[in-house]
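What follows is a set of notes on a single structure, which appears directly below.
Along the sequence shown, residues carry numbers from 1.
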Amino acid sequence: MIQQLQETSASPTTSGSCDWHELADRILAGHPLTDEQGLAILRCPDDELLDLLSAAFRIRRRFFGKTVQLYFLINAKSGLCPEDCSYCSQSRVSKADIPKYNILDRQRLLDGARIAHERNAKTYCIVISARGPNEREMQAVEELVPEIKRQYDLKICTSLGLLTQEQAARLKACGVDRVNHNLNTSSEYYQQICSTHTYQDRLATLRVVRRAGMEICSGGIIGMGEADSDVVRMALELSEVGAESIPINFLNAIDGTPLEGVDRLTPRDCLKALCLFRFANPSREIRMAAGRELHLGSLQPLGLYAANSIFVGDYLTTKGQPPAADYAMIEELGFTIAPSQRNR
């Protein structure tokens with residue numbers, strides 16, 4: 001009976017309200033977030049948003065204090081992708097005016113690592129547009145990663161598309177720490193945004209990454225026309241797969257993509273989504289990723305009360321804000337940049 005009463009008190013009331021700090025207490029005590037509680041977070045009344053952020057910050061502070069982890073991303077191969085993901089400017093169905101090139105040469109990728117180091121990034125993210133890596137691309141990564149690690153104090157995350165077990169083992173062997181492969185949305189909604197591969201294909205890649213002994217980076221995109229329930233399912237699925245790092249992107253509806261013109265997000269929606277992922281994945285890195293500048297606007301600093309990580313610099317085919325603006329935002333919040341692995 002006591003357990004039943006506790007469940008009820010942390011669930012939405014008939015007015016859609018919730019005791020956010022009581023819910024945070026339950027999460028910190030080790031109780032997993034339920035679907036109903038997740039929906040309540042996304043539907044939090046705007047008048048309660050600061051209370052929700054305060055509760056999310058309690059969870060964030062427990063595991064990450066007031067530090068912000070910085071990531072730097074390089075688009076190592078742009079365009080030329082055979083997949084038909086509706087949100088992506090690099091897909092085969094996109095008519096977006098973007099640069100198109102095969103994998104960058106060794107020196108340009110090393111220069112990216114140097115920039116990541118200079119910007120106090122903890123992780124250097126190497127991304128290619130592809131269904132999966134070809135042999136030339138695999139060999140380029142295998143040759144490059146050990147050299148980067150000899151020169152710089154960086155963790156390496158690669159995003160190379162769908163992977164086989166053999167490819168994942170090779171990435172682990174050359175020193176890759178983490179692989180990114182986003183779920184992007186729920187299994188139920190996935191077919192609405194991509195037909196050339198399945199949600200299960202993406203889960204299979206996450207499984208081979210884990211079996212190879214690497215960390216999982218996987219997140220999603222908010223604002224593609226999905227229902228609140230889809231966002232909650234994705235947040236809980238990422239908890240199930242144990243993703244160490246969860247980038248949350250807010251749809252930048254790039255001209256020339258099938259989702260061109262879609263703009264359904266308010267800054268408050270974005271903040272509630274970040275809180276959802278913090279409650280659902282309390283001890284995991286939650287990253288404000290692409291679209292944060294566009295959709296959060298002047299409320300962007302509030303996102304770091306739930307998230308603990310950002311990209312510093314540009315994204316794949318869209319611009320981020322200047323690094324100086326990110327550093328100022330962190331300092332003005334009274335937060336600090338997380339130290340590198342070596343300096344901890």
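- Within 6.0 Å of atom CZ in Arg211, more than 12 heavy atoms from other residues, nucleotides or ligands are found, so the atom counts as buried in its surroundings.
- Considering OG of Ser94 and CD of Glu83, their distance stands at 14.0 Å, rounded to 0.5 Å.
- A distance-only check finds no donor-acceptor pair linking the side chain of Gln139 to the backbone of Arg136 [under 3.5 Å].
- Minimum interatomic distance between Ala289 and Phe311 (heavy atoms only, all atoms of both residues): CB-CE1, 3.8 Å.
- Interatomic distance, CG of Leu304 versus CG of Asp326, reported as 9.0 Å (0.5 Å rounding).
- Contact detail for Ala116 and Phe72: the closest heavy-atom pair is CB-CB, 3.6 Å.
- If you take CD1 on Ile337 and CG on Leu70, they are separated by 4.5 Å, rounding to the nearest 0.5 Å.
- What you find for Ile246 and Asn281 is that their closest heavy atoms are CD1-CG, 3.4 Å.
- Comment: Glu137 engages Lys77 in a salt bridge, judged by a side-chain N to carboxylate O separation of less than 4.0 angstrom.
- Counting only heavy atoms from C-beta outward, the side chains of Gln151 and Leu110 approach each other to under 4.5 Å.
- For Arg278 (side chain) and Glu285 (main-chain N/O), no donor-acceptor pair under 3.5 Å exists by modelled atom type.
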May I have the step-by-step check of salt bridge (Lys or Arg N to Asp or Glu O under 4.0 Å) for Glu22 and Arg26, ending in yes or no?
CA-CA 6 Å; Glu22 184 174 345; Arg26 289 183 55 77; over 6 Å; no
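- Within the 4.5 Å cutoff, side-chain heavy atoms of Ser309 are placed close to those of Tyr71.
- Summarising the geometry of Ser283 relative to Phe64, their closest heavy-atom pair is O-CZ, 3.4 Å, with the distance given to 0.1 Å.
- Gln167 contributes a side-chain N or O that, together with a main-chain N or O of Thr164, makes up a donor-acceptor pair within less than 3.5 Å.
- Ion pairing between a basic and an acidic side chain is recognised when a charged N comes within 4.0 Å of a carboxylate O; Lys149 and Asp177 show such pairing.
- To the nearest 0.5 Å, atoms CG (Asn182) and OG (Ser218) are separated by 5.0 Å.
- Considering only heavy atoms from C-beta on, Phe250 stays 4.5 Å or farther from Ile221 through its side chain.
- In this structure, the ring of His197 has its center less than 6.0 angstrom from the ring center of Tyr190.
- Within 6.0 Å of atom CG in Leu333, more than 12 heavy atoms from other residues, nucleotides or ligands are found, so the atom counts as buried in its surroundings.
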Residues Ser89, Thr317; criterion side-chain hydrogen bond (donor to acceptor under 3.5 Å, both in side chains); working and verdict
CA-CA 7 Å; Ser89 61; Thr317 62; 2.7 Å; yes
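- Side-chain contact check for Ile148 versus Ile156: some heavy-atom pair is nearer than 4.5 Å.
- Within the 4.5 Å cutoff, the side chain of Pro267 has no heavy atoms near those of the Gln300 side chain.
- Using a 4.5 Å cut-off on side-chain heavy atoms (C-beta onward), Phe63 and Pro282 make contact.
- Contact between Leu109 and Ala76 at its shortest, heavy atoms only, is CD2-CB, 3.7 Å.
- Listed for the Glu293 side chain is a donor-acceptor partner under 3.5 Å among the backbone atoms of Gln321.
- The number of heavy atoms from other shown groups lying within 6.0 Å of CD (Glu331) does not exceed 12.
- For the pair Thr67 (side chain) and Thr336 (backbone), a donor-acceptor distance under 3.5 Å is absent.
- Atoms OG1 and CG, on Thr318 and Leu294 in that order, are 9.0 Å from each other to the nearest 0.5 Å.
- Ring centroids of Tyr305 and Phe335 are separated by less than 6.0 Å, placing the two rings close together.
- A donor-acceptor contact shorter than 3.5 Å links the side chain of Asp230 to the backbone of Ala227.
- A salt bridge between Arg58 and Asp25 is present, with a side-chain N of the basic residue lying under 4.0 Å from a carboxylate O of the acidic one.
- Within a 6.0 Å sphere centred on CZ of Arg114, other residues, nucleotides and ligands contribute more than 12 heavy atoms.
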Trace of the salt bridge (Lys or Arg N to Asp or Glu O under 4.0 Å) decision for Glu48 with Arg43:
CA-CA 10 Å; Glu48 297 179 17; Arg43 297 168 182 173; over 6 Å; no
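- In this structure the side chain of Val209 never reaches within 4.5 angstrom of the side chain of Glu215, judged on heavy atoms.
- Ser91 OG to Asp84 CG: the interatomic distance, rounded to the nearest 0.5 Å, is 7.0 Å.
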List the steps and the verdict of side-chain contact (heavy atoms from CB on, under 4.5 Å) for Met224 and Thr185.
CA-CA 9 Å; Met224 296 188 293; Thr185 189; 4.1 Å; yes
